[in-house]
Amino acid sequence: MKIAVILGSTRKVRRGARVAKWLMRELAKFEGIKFELLDLLDYPLPFYDEPNSPDSLENGYSIEVATKWAAKIGEADGYILIVSEYNHGPTAVLKNALDYVYNEWNKKPVTFVSYATGTAGGTRAVEQLRQITVELQMAPMNRAVHVRNVLDTIDTDGKLLQGNYVEQLEKAMKQLLWWTEALKSAREKS
Ligand SMILES: Cc1cc2nc3c(=O)[nH]c(=O)nc-3n(C[C@H](O)[C@H](O)[C@H](O)COP(=O)(O)O)c2cc1C
């Protein structure tokens with residue numbers, strides 16, 4: 001099984017980088033599963049400007065980065081979105097990256113590791129992402145990790161300083177992996 005971990009913030013001073021470091025280190029403990037970090041900085045997608053929605057593009061994408069992005073999404077069986085909350089929603093870059101693809105997201109599960117400098121921990125952005133990912137025919141998980149006060153919780157090296165986030169992640173992963181296996185097998189049958 002392959003799980004893509006998508007880092008959804010691209011600011012030069014982004015706290016998402018420390019969350020990604022912590023998460024990738026924790027995920028390495030899950031044996032037999034391939035985790036790949038997809039940093040949206042490496043996929044500089046302009047705002048979506050194709051003549052049709054991605055499920056009905058007659059000649060594919062007009063830009064190479066989009067072709068590359070869609071192919072990468074297609075390789076994965078499930079997803080973890082690293083989510084920061086901008087004005088109670090997901091970042092524009094993450095929404096745009098979701099919009100770029102359709103078929104490759106379909107019938108696959110997704111969970112969320114959100115964070116914020118405040119106490120809500122990105123929960124409101126995750127709620128919006130659950131709605132959005134249903135429209136992409138994905139299966140969003142109800143379990144997720146919400147890191148509060150990220151600056152005091154994970155340092156720049158990705159070291160966890162406080163909180164029961166490892167336990168939260170284990171529960172979220174147990175659920176995600178169940179669905180990843182179930183949906184992979186169902187996709188292969190149909
Ligand atoms: C444009 C913008 C909007 C924000 N809106 C929220 C918000 O609605 N709720 C929240 O808890 N934090 C909010 N924050 C604070 C973020 O939680 C904090 O800056 C976090 O580090 C953002 O992730 P990033 O550093 O990876 O970009 C906002 C930050 C920015 C830059």
Side-chain angles (χ1 to χ4, degrees), residues 3-30 35-49 65-66 68-70 72-73 76 78-101 105 109-136 138 140-173 176:
I3 307 281
V5 182
I6 298 171
L7 175 47
S9 80
T10 53
R11 295 192 301 146
K12 286 186 198 75
V13 182
R14 55 178 180 173
R15 283 67 181 249
R18 62 178 77 196
V19 178
K21 277 186 199 162
W22 168 73
L23 180 61
M24 294 312 288
R25 215 173 287 146
E26 286 300 322
L27 292 175
K29 296 175 187 164
F30 293 83
F35 295 96
E36 185 178 5
L37 181 65
L38 305 182
D39 185 342
L40 291 184
L41 272 182
D42 297 328
Y43 297 87
L45 297 157
F47 280 122
Y48 191 84
D49 186 21
V65 61
K68 238 175 85 182
W69 174 244
K72 209 26 123 176
I73 296 308
Y79 308 91
I80 302 173
L81 303 185
I82 303 179
V83 176
S84 66
E85 182 172 294
Y86 286 4
N87 298 310
H88 291 200
T91 58
V93 279
L94 179 58
K95 175 62 164 58
N96 190 47
L98 288 164
D99 291 341
Y100 255 98
V101 178
W105 295 121
V110 57
T111 193
F112 312 90
V113 174
S114 71
Y115 61 94
T117 46
T119 52
T123 47
R124 295 158 295 206
V126 168
E127 275 305 293
Q128 289 195 15
L129 283 165
R130 288 197 176 99
Q131 291 184 13
I132 292 162
T133 52
V134 164
E135 190 53 28
L136 292 168
M138 301 176 84
M141 302 293 101
N142 76 327
R143 283 200 187 277
V145 178
H146 305 293
V147 179
R148 297 155 187 252
N149 304 314
V150 68
L151 292 174
D152 299 326
T153 303
I154 301 178
D155 72 14
T156 51
D157 294 327
K159 184 168 178 246
L160 186 67
L161 306 173
Q162 59 183 18
N164 65 341
Y165 298 107
V166 173
E167 291 79 2
Q168 283 186 33
L169 180 65
E170 278 166 4
K171 285 180 185 163
M173 286 307 296
L176 180 75

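For ligands, and for the atoms within them, numbers begin at 1 and follow the listed sequence.
By the 4.0 Å N-to-carboxylate-O rule, Glu127 lies close enough to Arg130 to be salt-bridged with it. Classification of Asp42 and Lys72 as a salt-bridged pair fails, no side-chain N sitting under 4.0 Å from a carboxylate O.
For the pair Trp69 and Val101, the minimum side-chain heavy-atom distance is below 4.5 Å.
Considering only residues two or more places apart in sequence or on other chains, Asp99 meets the salt bridge (Lys or Arg N to Asp or Glu O under 4.0 Å) condition with Lys95. With sequence neighbours left out, Lys29 forms a salt bridge (Lys or Arg N to Asp or Glu O under 4.0 Å) with Glu26.
Near ligand 1, Ser9, Arg11, Val13, Arg14, Arg15, Gly16, Ser84, Glu85, Tyr86, Asn87, His88, Tyr115, Ala116, Thr117, Arg124 each place a heavy atom less than 4.0 angstrom from the ligand.
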With a cut-off of 3.5 Å and sequence neighbours excluded, list every side-chain donor-acceptor pair involving residues 111-121.
| from | atom 1 | to | atom 2 | distance (Å) |
| --- | --- | --- | --- | --- |
| Thr111 | OG1 | Arg143 | O | 2.8 |
| Ser114 | OG | Gly121 | O | 2.5 |
| Ser114 | OG | His146 | ND1 | 2.8 |
| Tyr115 | OH | Ser9 | OG | 3.3 |
| Tyr115 | OH | Gly16 | N | 3.3 |

